[in-house]
2 protein chains.
Amino acid sequence: MNVMNDSPRRKELTRQAAQLFVQEGFDRTTVRMLAQEMGIKSGSLFHHFRDKQEILTAVIEEGTQNALVIAKAALEQCDNTAESRLQAMARAHLETLLTDRNAHVVALYEWRRLDPEARDHLSHLRDAYEALWEAVIDEALGAGLIHGDRFLVSRFVMGALNWTVRWYDPAGPRSPDDLAHELVAMITHRPA
Amino acid sequence: MNVMNDSPRRKELTRQAAQLFVQEGFDRTTVRMLAQEMGIKSGSLFHHFRDKQEILTAVIEEGTQNALVIAKAALEQCDNTAESRLQAMARAHLETLLTDRNAHVVALYEWRRLDPEARDHLSHLRDAYEALWEAVIDEALGAGLIHGDRFLVSRFVMGALNWTVRWYDPAGPRSPDDLAHELVAMITHRPA
DNA sequence: CGTTTACACTAGCGCTTGCTTGGTTGACCC
DNA sequence: GGGTCAACCAAGCAAGCGCTAGTGTAAACG
């Protein structure tokens, strides 16, 4: 009936779906709601996506891929010191949350709604992103910038950062750069 | 039709509901699934709870209230130094996650499914719990144990701790006490 | 020109959902 | 031993769900 390409039309529909998934949650978002948001009828939706699950997969894939690209770019541009790289990763993470918020909230909250195949496929992407973090944290440990268990420290840092979607207000006085500074200062124990 | 008491029967049913909510998510858990898990028929369920929403409220209320009690007890029992109190709170938080895991996972993941009235009621409970944390972090800041912005530090710490439900394996080699030590060491920059 | 392709539509099927209704059971009470 | 009451059940309703089938249409292609 349809194709699974990545046309610009499909990208736009995916973006709109992400918005609804954040507002309502995946399960409560009906195909009729999605269709209305997209300005088409519910039946037409299945020309672009095989089923509702595939929309969720598309949203999360898009968001994770962007995060990976942005993080890699940030690492390439920054100074080659452990502290700069740590800071660059933290800032990139927060900026991603700012510009691509919907997709990331969906990835965090609705991961469990993915069917096993999609989860398997996407977990490779996520692992690649987390591998970047672990490398940077390894450098920071090696440079004596931070101390402790490699596994635990990276989990704690990821937790602190991911939790920001719950409370961070982009319209507030704090910039992603501020937050990144403060976080790095906290774990390296140097003045912000 | 029924009452909204807190009978032991209702407590037990609430505990079983929490289990299912964790496995399937709130929206995907049907009243028929809940009833089967409880060993009754779906209609009988509405003798104990007004509607499905009220079950969710009961689960989250129970879990948050327990966390509050445990945290208060931990603070009363520990030494009166800033570091001990910080450690005690972290350990209490993780132990709660261990013993009462289901209810807390539900509180973290399904908070948005609450209707506005229930959310309003429960947010007071949660605020009371977070106030404990902020007080302890204030002490640590005052004692020079940690540095930085009061608001940001407490959010970062809460994030790191709450994120543990995603990866922490109670059957693994690390105890809640280990994790609490490691976290406090990370932010106070002292050897674990 | 006729054919194909992309995208949208209308209509509705088969099923599940949360919840209601009206009635039964058995333990306890004066 | 009649009355009370919490606890449960069988049956089913109205609404909503994901998804399909078949069709229309306008642009692109050979």
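A, B, ... follow the sequence lines: proteins, then strands. Residue 1 opens every chain.
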Spacing of [X] atom [atom1] relative to [N] atom [atom2], expressed in whole Å:
{"X": "A:Leu56", "N": "D:dG18", "atom1": "CG", "atom2": "C1'", "result": "15 Å"}
{"X": "B:Phe46", "N": "D:dC8", "atom1": "CZ", "atom2": "C1'", "result": "14 Å"}
{"X": "B:His48", "N": "C:dT20", "atom1": "NE2", "atom2": "C1'", "result": "16 Å"}
{"X": "B:Met38", "N": "D:dC8", "atom1": "CE", "atom2": "C1'", "result": "14 Å"}
{"X": "A:Leu45", "N": "D:dC17", "atom1": "CG", "atom2": "P", "result": "14 Å"}
{"X": "B:Phe49", "N": "D:dA7", "atom1": "CZ", "atom2": "C1'", "result": "13 Å"}
{"X": "B:Ile55", "N": "C:dC19", "atom1": "CD1", "atom2": "C1'", "result": "12 Å"}

Salt bridge (charged side-chain N to carboxylate O under 4.0 Å, His left out) partner of A:Asp27, the single match among A:Lys52, A:Arg113, A:Arg112: A:Arg113

Greater than 12 external heavy atoms within 6.0 Å of B:Gln36's CD: no

Residues in contact with DNA chain C, drawn from residues 20-37 of chain B - heavy-atom cutoff 4.0 Å: B:Thr29, B:Thr30, B:Val31, B:Arg32

Between A:Ala35 and A:Leu45, the two heavy atoms sitting closest are N-CD1, 3.8 Å

Do you reckon A:Trp133 sits in the same ILVMFWY cluster as A:Val69, going by side-chain contacts under 4.5 Å, direct or chained?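 No; A:Val69 is not reachable from A:Trp133 via cluster members.
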
Connected via hydrophobic side-chain network under 4.5 Å: B:Leu125 and B:Ile70: no

Closest to the [X] side chain, choosing from [options]:
{"X": "B:Lys41", "options": "C:dT20, D:dA7, D:dA10", "answer": "D:dA10"}
{"X": "B:His47", "options": "C:dC19, C:dA8, D:dA6", "answer": "D:dA6"}
{"X": "B:Ile40", "options": "C:dA8, D:dC8, D:dG18", "answer": "D:dC8"}

Ignoring hydrogens and geometry, is there a side-chain-to-backbone donor-acceptor pair from B:Arg155 to A:Trp167 under 3.5 Å? no

Please state whether the phosphate of C:dA8, meaning OP1 or OP2, lies under 4.0 angstrom from any side-chain nitrogen or oxygen of A:Arg9. yes

Distance test, side-chain N/O of A:Ser44 to OP1/OP2 of C:dC9, below 4.0 Å: yes

For residues 157-165 of chain A, tabulate all N or O donor-acceptor pairs below 3.5 Å that involve a side-chain atom, not counting sequence neighbours.
| from | atom 1 | to | atom 2 | distance (Å) |
| --- | --- | --- | --- | --- |
| A:Asn162 | OD1 | A:His93 | NE2 | 3.3 |
| A:Asn162 | ND2 | A:Met158 | O | 3.2 |
| A:Thr164 | OG1 | A:Leu161 | O | 2.4 |

